[in-house]
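Chain letters run A, B, ... following the sequence lines, proteins first and then strands; every chain starts at 1.
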Amino acid sequence: MVKYNPKKIEAKWQEKWFNSSVFKAKNGSKKKKFYAMVEFPYPSGDGLHVGHCRSYTALDIIARKKRMQGFNVLYPMGWDAFGLPTENYAIKKGVHPSVVTKKNVEYFKEQMQRMGWSFDWSREIDTTDPKYYKWTQWIFIQLFKNGLAYKSKININWCPSCLIGLANEEVVNGNCERCGTKVEKREKEQWMIKITNYADRLIRDLENVDYLEKIKTQQKDWIGESHGALVKFPIEGVEESIDVFTTRIDTIFSGTFLIVAPGSSFIDTHKSRIENIDEVLKYREEAKNVSDMDRTNQDKDVTGVQLKGILVRNPATNEEMPVWTADFVLEQYGTGAVFADAHDKRDFKMAKKYGIPLRTSIKPDDELLTQKVKNLEECFEGDGILYNSVQFDGMKSAQARPLIIAWLSSKGFAQPKISYKLRDWVFSRQHYWGEPIPMIFCKKCGWQSVFEKDLPVKLPNVKKYKPTDTGESPLSLIKNWVETECPKCGGPAQRETDTMPNWAGSNWYFLRYIDPKNSKKLVDESLAKYWLPVDWYNGGMEHTTLHLLYSRFIFKFLWDIKAVPLSIGSEPYKKRTSHGMVLGEGGIKMSKSKGNVINPDVIVKEYGADTLRIYEMFMGPFEQMIPWDTKGVVGCRRFVEKIYNLASQKTAAVKTEEGLKKILHKTVKKVAEDIELMKFNTSVSAMMEFVNEWSRVTGSRSAGQVSATGLDKKDLANFLIILSPFAPHLAEELWANAGLKEMCSLQKWPKYDEKLIEDQEVLLIVQINGKVRDKINAKAGLTQKEAEKIVMKSEKIKALIGEVEVKKIVFVPNKLINIVI
RNA sequence: GCCCGAGUGGUGGAAUGGUAUACACGAAGGACUUAAAAUCCUUUGAGGGAAACUUCAUGCGGGUUCGACUCCCGCCUCGGGCACCA
């Protein structure tokens, strides 16, 4: 018998697949479409990660199964190749980033093909290809033309190590998401995208998509919608008022002072009337130097300064309130001002510290606690019952809120308002290796977009792409590129030198796979109509806030401007799932510094791609984090080899053994159902059980008389088909060896026989008072009476019941009988 | 602090109201071999018993039920998300 040699088998079938059109998605097909997508990788120098393998194998299984079920499947792959690691590597080694990218892409592609994933390589895309980023730039111009891209001088998060501005989303606990350096504040003119205009739709439309509940929650949390009211506080001595956003209007009767953010324009507007303006401005400067991390530190002592000479009036109580500034009030949220009262811990703490008067107006249900609250010994923040609130006394918080808004609204002091935590998206980066922002600044005409016919604005090929210490993009040093003509007046003008963030290329890539070579349009309308939306999108949990949000937003925008057909709806992904991370052995994260990174190449070389594919599916529940275990790989290799040996026995075709046939049909059913639910681990174990039985049956026969496979040709074919999404090379090889026609990958997915699966005989569990006391083999479909009769004959049961009275008998057909005594 | 998810053998895990520990790894013993590797066979939750068998066990404490890993209530631990958000 020939020994199982994955190296030979796998190379052979990969060549056959990729030199033919078996996995090519067909435009203009009458078949139903299925668009399966995985997050395209960033082609780093490290090569493919075993985490990529988990995600790509899972959707490969789904794509292969759908193909066999008669769908026209699109399962594409590409490269998200702009980004810092490539740039940093290029700087260090003195090679151009495009050269580095090309090398990395080649390596990744080679690795991917060795895994046997059924990608349609004819649709490969690369975000750094000018033919691709032409359209990334085109999208930016549309955003600009529609008033959603604007330039603004803002305090940006600056990473002093990467020398780059970061979006709020890229700051994790006050540190740079990429390198972990503490983020600083810098004031800079930046391109901003008005994603906030879409906040409500980005929440609302989640109802129409099939995402994991966890992912929907994350999206909602990130957008941070809160319902409340905008309340006007009239300013004493002038005909003006200040707006405050609140979700707790029920506490307004206890509002005794007002706090504005240190950076609030309120301070500038009323500068002349603030008696201690120097002190206030000094506090503002100090607040600027406090990082967001410290500003949001709960244990920090509260600080603040009163704006002396300024008083406002509480529209509910008509009492005068002093105005303070404190750094815990943030400029960016709500209106940058709050009314303060005894029912907020921070306000409470501040009032106690500076001796500001407090009053309470909400009491909890508890008498003892109420006394403490009334005596200002404790701060009560929850919903409760109103008092000190005139006509609202005795009402519950939730009940009172809409009534108070209505009452104040009738007097012209309030209106309902929804506020979001989501902020506009900082879109400028001061780096070389990104898409140039296609904008031109003219002193006379202001910011103008490049003519669409002049796209793409190519990245100039230069030697110096190192970031500058000044925070300017390295492109600013290339004079003959920067200097250009104004598209409007033709006068001298300068190009924008900042580039786009890495999200820019990845937030619309699913559109380009549909029509990757179109030079006239973003995507052909009829093709988009056929292929969109993406039916199933899988990726990492780390991309379920940012990338998913950005790409949903951009798609909605493109839908609004009719760049994609209206009929497909405004959500790009019908279904989104996420895989759990693959951890290093021992449960710690894989990292180069810990030296515990598993290279898929090494595993493929030693065990074969089919083994690696099966292991990654078998290792545990798909959505769960799981530590790598090379010993577990060995078990999967044994399984693969066992199949190879069993199927390779050259014997005359026999009739499949009855019991084995039944298990095969059950396995066909289970594997099909489990794949849809991404329960790959149990599909594999079901196949293992089948193979164990197959091996047992075959073994007993060969020991006896006729040496036989125990599976006839037709049943072997069916098993190979359900195995093929998991171990495609092995399935093809055995398919060919068995003399079956065409490729296994082109077969129809098998049906199972309902009748055959039904058990003729069942194991009836006999319980007494819920404890298992006997197991009896019985005919299937027994009635309760018949079952009782059989059970009462059992010596064991008779002995256990004895003379005691039987109170009740619970009967579950074909499963169990429970005698209660 | 708030919101999700999880906790089962030595290990990864299976079972979503009905035989707890499928499948796999590891370990122990055996066969084959001069030997090792590979392969095959047997055992493998814990305790008691010569055995038939029996008691206990799904993070902890209660509850519902004929019957609970599974449902409900209260805690503990771990992981993830959000966080002076007004």
Side-chain angles (χ1 to χ4, degrees), chain A residues 3 173 212-226 228 231 244-249 251 259 261 292 294-300 302 326-330 332-341 343-347 349-350 381 419-422 541-542 544-545 580-581 586-587 614-615 618-621 623-636 638-639 641-642 645 679 681-692 695 699 763-775 796 807-812 814-821:
Chain A
K3 219 181 150 229
N173 290 332
L212 291 178
E213 219 31 63
K214 188 163 62 168
I215 298 174
K216 286 191 183 182
T217 312
Q218 272 187 30
Q219 295 260 306
K220 283 182 202 155
D221 281 356
W222 190 262
I223 298 166
E225 183 180 76
S226 41
V231 188
V244 163
F245 174 74
T246 180
T247 55
R248 288 299 305 274
I249 192 125
T251 66
I259 311 170
D292 265 4
D294 291 334
R295 223 163 130 168
T296 57
N297 182 355
Q298 308 232 5
D299 304 325
K300 200 197 77 168
V302 290
D327 65 2
F328 68 77
V329 175
L330 303 173
Q332 312 92 320
Y333 187 74
T335 63
V338 298
F339 76 80
D341 57 63
H343 296 292
D344 179 284
K345 282 209 172 98
R346 298 151 297 159
D347 300 350
K349 213 163 153 185
M350 181 156 162
E381 285 190 305
S419 196
Y420 299 94
K421 282 189 228 171
L422 187 71
M541 214 54 213
E542 70 276 15
T544 49
T545 40
M581 227 197 301
I614 285 181
Y615 171 66
F618 182 63
M619 66 198 303
E623 69 289 350
Q624 200 176 296
M625 261 197 216
I626 243 141
W628 179 269
D629 179 16
T630 302
K631 281 184 194 141
V633 180
V634 176
C636 292
R638 283 185 197 137
F639 169 61
E641 219 168 307
K642 204 169 188 177
N645 292 338
K679 289 168 77 176
N681 52 335
T682 50
S683 339
V684 173
S685 69
M687 287 191 282
M688 283 174 170
E689 282 176 86
F690 167 75
V691 171
N692 286 345
S695 166
L763 190 67
L764 192 68
I765 304 303
V766 187
Q767 295 183 331
I768 292 178
N769 290 348
K771 286 200 170 174
V772 181
R773 293 300 171 185
D774 203 2
K775 298 166 191 179
K796 240 191 225 168
K807 278 194 191 149
K808 191 175 164 187
I809 295 178
V810 182
F811 179 67
V812 182
N814 292 335
K815 258 191 187 152
L816 166 144
I817 184 158
N818 186 12
I819 303 161
V820 187
I821 55 173

Partner set under ring pair (Phe, Tyr, Trp, His ring centres under 6.0 Å) for A:F618, not counting sequence neighbours: none
Under 4.0 Å between any heavy atoms, over every strand shown, what does A:P621 touch: base, sugar-phosphate, or nothing? Just pick one. sugar-phosphate
Side chain of A:V810 (C-beta onward), nearest among B:A24, B:U19, B:C66: B:C66
Could you give the distance from CG (A:N818) to CD1 (A:I809), rounded to the nearest 0.5 Å? 9.5 Å
B:U70 and B:A36, which share atom name P, separated by this distance in whole Å: 48 Å
Sorted by chain and number, sequence neighbours left out, salt bridge (Lys or Arg N to Asp or Glu O under 4.0 Å) with A:R773 holds for none
From the options B:U54, B:A24, B:U19, select the nucleotide whose nearest atom is closest to the side chain of A:M688. B:A24
For the CE atom of A:M688 and the CD1 atom of A:I614, what is their distance to the nearest 0.5 Å? 7.0 Å
With the side chain of A:T682 defined as its heavy atoms from C-beta on, choose the nearest nucleotide among B:U39, B:G18, B:A14. B:A14
Over all strands shown, is A:E689 touching base, sugar-phosphate only, or nothing at heavy-atom distances under 4.0 angstrom? sugar-phosphate
One should report the stems of RNA chain B, each a stretch of at least three consecutive Watson-Crick or G-U pairs at distances under 3.5 Å, as B:1-7 with B:76-82, B:10-12 with B:23-25, B:26-31 with B:39-44, B:45-48 with B:53-56, B:59-63 with B:71-75
On the side chain of A:D221, is there an atom forming a donor-acceptor pair with the base of B:C82 - under 3.5 Å, no angle test? no
Side chain of A:F618 only, please: which of B:G12, B:A14, B:C84 is the nearest? B:G12
Per the atom types in the model, does the base of B:G80 pair as donor or acceptor with the side chain of A:Q218 at under 3.5 Å? no
Go through B:A83, B:C84, B:G67 for me and flag the one nearest to the A:K421 side chain. B:A83
Apply the syn/anti split at 90° from 0 to B:G48 and say which one it is. anti
